[in-house]
Engineer: 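Could you have a look at this structure, given as structure tokens, before my questions?
Hydrogens, waters and symmetry mates play no part in the numbers below; they use all other heavy atoms, side chains included.
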Amino acid sequence: MSVSVPALQDDDSLATTLMCILIDAYEEELFDMDMLDLIGRVKKDFNIQLSESAENKVNAAIVSMTTDLALRDPAVFRAVALAFNEGTIGNSALMAFDDDYTDEDDADEADLTSPELLWTLTEMSTLRGCTMDDLISDIQRDVRKYIEGVIKDEVEDREEIDPEVDTIEEAADEDAFTRYVSEMQETLQEQVGSLGYEVDL
């Protein structure tokens with residue numbers, strides 16, 4: 001386990017990297033723990049405190065692997081995307097569960113970009129063990145509307161992107177968006193490879 005400790009403490013560790021370590025350590029028991037139990041086990045077994053960033057990424061990964069919430073609810077998807085890309089969930093988690101939430105509450109959060117949303121889908125498909133195409137086909141209307149709204153806004157602002165690109169499927173083939181995804185895939189392979197794991201991307 002000692003080789004995994006730096007990765008568990010590194011805020012740059014990706015959600016999939018963290019899940020490789022934790023699944024290796026706890027197997028199926030991991031999915032029966034709540035976050036407080038998991039934090040306590042990690043502290044006991046690895047002699048470290050998970051960072052808030054790691055907690056958010058692991059929580060988002062478990063939600064992505066065990067439920068379809070992120071495919072149905074834009075607020076949950078945004079929370080997962082923020083966790084995977086920024087290590088935070090911001091007000092998005094509140095938006096999913098708080099009836100008093102208003103759009104104004106979200107005004108101070110950084111905007112997620114199309115490449116970040118595509119990376120979120122890529123990492124979700126990796127964690128769920130399905131293809132990107134299969135994951136995209138399972139995205140429900142409201143989440144698709146949110147993602148494609150971000151895509152359309154960026155297409156309008158960037159002259160180098162084909163102005164006809166306006167769907168998730170088209171964005172997933174657009175070089176201006178997929179360069180970031182490719183870089184993140186390389187980072188993920190490097191991270192898991194250094195720990196002796198392999199992932200299919």
Engineer: Using a cut-off of 6.0 Å, state whether more than 12 heavy atoms not belonging to Asp157 lie near its atom CG.
Structural biologist: yes

Engineer: Pick out which of Asp134, Asp200, Asp68 makes a salt bridge (charged side-chain N to carboxylate O under 4.0 Å, His left out) with Arg128.
Structural biologist: Asp68

Engineer: I want to check something: taking the side chain as every heavy atom from C-beta on, are Asp166 and Ile151 in contact at a cut-off of under 4.5 Å?
Structural biologist: no

Engineer: Side chain to side chain contact (heavy atoms under 4.5 Å, CB included), that's the test. Do Gln9 and Phe46 meet it? Break it down for me.
Structural biologist: CA-CA 10 Å; Gln9 294 179 301; Phe46 291 88; over 6 Å; no

Engineer: Let's go through Glu148 and Thr167 carefully: what are the C-alpha distance in whole Å and the side-chain angles of both, what is the deciding distance for side chain to side chain contact (heavy atoms under 4.5 Å, CB included) to 0.1 Å, and is it a yes or a no?
Structural biologist: CA-CA 6 Å; Glu148 292 181 347; Thr167 68; 3.5 Å; yes

Engineer: Does Tyr146 form a side chain to side chain contact (heavy atoms under 4.5 Å, CB included) with Ile139? I'd like the steps, not just the answer.
Structural biologist: CA-CA 11 Å; Tyr146 162 65; Ile139 295 173; over 6 Å; no

Engineer: Locate the shortest heavy-atom distance separating Ala70 from Val143; write the atom from each residue and the value.
Structural biologist: O-CG2, 3.7 Å

Engineer: Would you find a donor on one side and an acceptor on the other, under 3.5 Å apart, between the side chain of Glu174 and the backbone of Val165?
Structural biologist: no

Engineer: Ignoring hydrogens and geometry beyond distance, is a side-chain donor-acceptor pair present between Asn85 and Thr120 at under 3.5 Å?
Structural biologist: yes

Engineer: Salt-bridged, Arg144 to Glu169, with N to O below 4.0 Å?
Structural biologist: yes

Engineer: Looking only at non-hydrogen atoms, find the nearest pair between Ala7 and Leu195 and report the distance.
Structural biologist: CB-CD1, 4.1 Å

Engineer: Could you tell me the separation between the OH atom of Tyr26 and the CG atom of Leu38, rounded to the nearest 0.5 Å?
Structural biologist: 6.5 Å

Engineer: Considering all heavy atoms of both residues, which atom of Glu116 and which atom of Asp111 are nearest to each other, and what is their separation?
Structural biologist: OE1-O, 4.2 Å

Engineer: Is any side-chain heavy atom of Phe77 closer than 4.5 Å to one of Leu121?
Structural biologist: yes

Engineer: Distance check, rounded to the nearest 0.5 Å: Leu50 atom CG versus Lys43 atom NZ?
Structural biologist: 11.0 Å

Engineer: So which atom in Thr122 and which in Gln185 form the shortest heavy-atom distance, rounded to 0.1 Å?
Structural biologist: CG2-NE2, 3.7 Å

Engineer: Does Tyr197 reach the side chain of Thr16, with side-chain heavy atoms less than 4.5 Å apart?
Structural biologist: no

Engineer: Do other residues, nucleotides or ligands put more than 12 heavy atoms under 6.0 Å from the CD atom of Gln49?
Structural biologist: yes

Engineer: Heavy-atom distance under 4.5 Å between the side chains of Asp142 and Arg72, does that happen here?
Structural biologist: no

Engineer: Side chain of Gln140, backbone of Asp138: donor and acceptor closer than 3.5 Å?
Structural biologist: yes

Engineer: What is the distance from atom CG of Leu18 to atom CG of Asn56, rounded to the nearest 0.5 Å?
Structural biologist: 11.0 Å

Engineer: Would you check if Glu55 and Asn59 make a side-chain contact, meaning some heavy-atom pair closer than 4.5 Å?
Structural biologist: no

Engineer: What are the two closest heavy atoms between Ala54 and Leu8, and how far apart are they?
Structural biologist: CB-O, 4.1 Å

Engineer: With a 4.5 Å limit on heavy-atom distance, are the side chains of Cys20 and Val199 in contact?
Structural biologist: yes

Engineer: Do you know which of Thr131, Ile136, Leu135 makes side-chain contact (heavy atoms from CB on, under 4.5 Å) with Ser125?
Structural biologist: Leu135

Engineer: Kindly indicate whether the side chain of Phe177, heavy atoms from C-beta on, has any atom under 4.5 Å from the side chain of Ile161.
Structural biologist: yes

Engineer: Give, for atom OG of Ser114 and atom CD1 of Ile168, the distance between the pair rounded to the nearest 0.5 Å.
Structural biologist: 10.0 Å

Engineer: Got a second to check how far Leu127's CG is from Met124's CE, nearest 0.5 Å?
Structural biologist: 8.5 Å

Engineer: Under a 4.5 Å cut-off applied to non-hydrogen side-chain atoms, are Pro115 and Glu154 in contact?
Structural biologist: yes

Engineer: Quick check against the 3.5 Å criterion: does Lys57 have a side-chain atom that pairs as donor or acceptor with the backbone of Ser13?
Structural biologist: yes

Engineer: Once you round to the nearest 0.5 Å, how far does CE of Met19 lie from OG1 of Thr17?
Structural biologist: 11.5 Å

Engineer: Give every donor-acceptor pair under 3.5 Å between a side-chain atom in residues 27-36 and any protein atom, sequence neighbours left out.
Structural biologist:
residue : atom : partner : partner atom : Å
Glu29   : OE2  : Arg41   : NH1          : 2.8
Asp34   : OD1  : Leu36   : N            : 3.2
Asp34   : OD1  : Asp37   : N            : 2.7

Engineer: Could you pull out the closest heavy-atom pair between Ile23 and Met65, with the gap in Å?
Structural biologist: CD1-CE, 4.1 Å

Engineer: Hey, is the main chain of Val181 close enough, under 3.5 Å, to the side chain of Thr178 for a donor-acceptor pair?
Structural biologist: no

